[in-house]
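One structure below.
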Number of protein chains: 2
Amino acid sequence: MSNMGNQLISNVFKALAHPTRIQIVKLLRNGELCVCDILPNLDSEQSNTSQHLTVLKNQGIVESRKDGSKVIYSIKNKEVYEMIDLVEAIILRQIEETKTSLSK
Amino acid sequence: MSNMGNQLISNVFKALAHPTRIQIVKLLRNGELCVCDILPNLDSEQSNTSQHLTVLKNQGIVESRKDGSKVIYSIKNKEVYEMIDLVEAIILRQIEETKTSLSK
DNA sequence: TTATTATATTAGGAATTGCTAATATAATAA
DNA sequence: TTATTATATTAGCAATTCCTAATATAATAA
């Protein structure tokens, strides 16, 4: 029923379900970057990074264009930052809860 | 560095990265439900559903309380609905894009 | 042309996730 | 107590994801 919808929705979450991919998205917050500038900021091999970029691209989170021999990536759907902010809010609340439950 | 942060963030996304878990969250949009009322709305075995509920609970997305022999689940961090709305916006835009690119 | 730089793709194995079937636990009912 | 209902846990296997190492491709430089 709305089952296909849930599949599509979970695919987007899945694309964000990896620390390296979160890091990539964060790196692009201040504007586009070529792969060559992304790579040194990550703790991940070139081929692995390329695969992570493909995952993000397949879900429409980032897009890319070619510039000479370089490939420039940028954020395609900026909602992703609001999503990350919401997750951070959840995590902060969870941490608070843990703290208060420990101090009892 | 902020690496632990990205791990925590991606853990939350991971919890939402399954169609059944999205469905569960949607079912809880109108209020708490016991497992017995969740089950018939899902296309998933009892033990499997129980495991999915545990995943959501571990990431603080839902919480549960006991009521007699039943266990009642509810949403703990309602930001999750804003997140789903944002994902749906991304998907709709992607679909529009696909449509216009096909009609060219 | 040959070499170099930038990026992508592929294959294969390791690690993780997801599912089913069986069993366990806990509360209530008979 | 015994049975039943509601839910959780566990083990083991299937499916998926992740990573590395190797190779491919494409653009530019020499």
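Order of the sequence lines fixes the chain letters, A, B, ..., with proteins taken first and strands second; residue numbering starts at 1 for each chain. Every heavy atom of this structure was used, including side-chain atoms; hydrogens, water molecules and symmetry mates were not.
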(request) Could you say whether A:Thr20 or B:Val35 is positioned toward the 5' end of DNA chain D, judged by the nucleotide with the nearest heavy atom to each? (result)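 Per heavy-atom nearest nucleotide, the more 5' residue is B:Val35.
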(message) On DNA chain D, compare the nucleotides closest to B:Ser47 and A:Ala17; which residue's is nearer the 5' end?
(response)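 So the residue in question is B:Ser47.
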What I'd like to find out is whether the side chain of [X] reaches to under 4.5 Å of the side chain of [Y], using heavy atoms alone.
| X | Y | result |
| --- | --- | --- |
| A:Leu16 | A:Met83 | yes |
| B:Val55 | B:His18 | no |
| B:Lys76 | A:Gln94 | yes |
| B:Tyr81 | B:Arg29 | yes |

(message) Rounding to an integer number of Å, can you tell me how far B:Phe13 CZ sits from C:dT17 P?
(response)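 It is 16 Å, rounded to the nearest whole Å.
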(message) If you compare every side-chain N and O of B:Asn48 against the phosphate oxygens of C:dC19 (OP1, OP2), does one of them come in below 4.0 Å?
(response)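 So the side-chain polar atoms of B:Asn48 do come within 4.0 Å of the phosphate oxygens OP1 or OP2 of C:dC19, strictly under.
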(request) Output yes when at least one side-chain N/O atom of A:His18 is less than 4.0 Å from OP1 or OP2 of C:dT16, else no. (result)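 False: A:His18 side-chain N/O out of range (4.0 Å or more) of C:dT16 OP1/OP2.
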(message) So which atom in B:Ile84 and which in B:Val25 form the shortest heavy-atom distance, rounded to 0.1 Å?
(response)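 Heavy-atom minimum between the residues: CD1-CG1, 3.9 Å.
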(request) For A:Asp67 and A:Ile72, work out which heavy atoms get closest and say how close. (result)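 Looking at all heavy atoms of both residues, the closest pair is CB-CG1, 3.9 Å.
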(message) When you measure from the side chain of A:Arg21 to the backbone of A:Leu53, do you find a donor-acceptor pair of N or O atoms at a distance under 3.5 Å?
(response)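 Not at all, since once roles are kept as given, no pair shorter than 3.5 Å links the two residues.
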(request) Kindly say whether A:Leu27 contributes a backbone atom to a donor-acceptor pair with the side chain of A:Asn41 at under 3.5 angstrom? (result)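 Checking the backbone N and O of A:Leu27 against the side chain of A:Asn41, no donor-acceptor pair under 3.5 Å is found.
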(message) Please identify the 5'-most and 3'-most nucleotides of DNA chain D with any atom under 4.0 angstrom from a heavy atom of chain B.
(response)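 Boundary nucleotides touching chain B, in 5' to 3' order, are D:dA6 to D:dT10.
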(message) Taking Watson-Crick (N1-N3 plus N6-O4 or O6-N4) and G-U wobble (N1-O2, O6-N3), each under 3.5 Å, can you produce the dot-bracket string of DNA chain D? Use [ ] for crossing pairs and | for inter-strand ones.
(response) ||||||||||||||||||||||||||||||
(request) Could you check which residues of residues 51-72 of chain A get a heavy atom under 4.0 Å from DNA chain D? Sort them by number, please. (result)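 Within residues 51-72 of chain A, the residues near DNA chain D are A:Gln51, A:His52, A:Lys66, A:Gly68, A:Ser69.
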(request) Answer yes when A:Glu96 and A:Arg93 have at least one side-chain N-carboxylate O distance shorter than 4.0 Å, and no when they do not. (result)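 Looking at A:Glu96 and A:Arg93, the cut-off is not met.
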(message) If we check side-chain contact (heavy atoms from CB on, under 4.5 Å) with B:Tyr73, which of these qualifies: B:Lys57, B:Glu63, B:Glu32?
(response)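 By the side-chain contact (heavy atoms from CB on, under 4.5 Å) criterion, B:Tyr73 pairs with just one of B:Lys57, B:Glu63, B:Glu32: B:Lys57.
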(request) Check the pair B:Thr20, B:Ser44 against side chain to side chain donor-acceptor pair (under 3.5 Å), reporting the backbone distance first and the verdict last. (result) CA-CA 8 Å; B:Thr20 300; B:Ser44 169; 5.0 Å; no
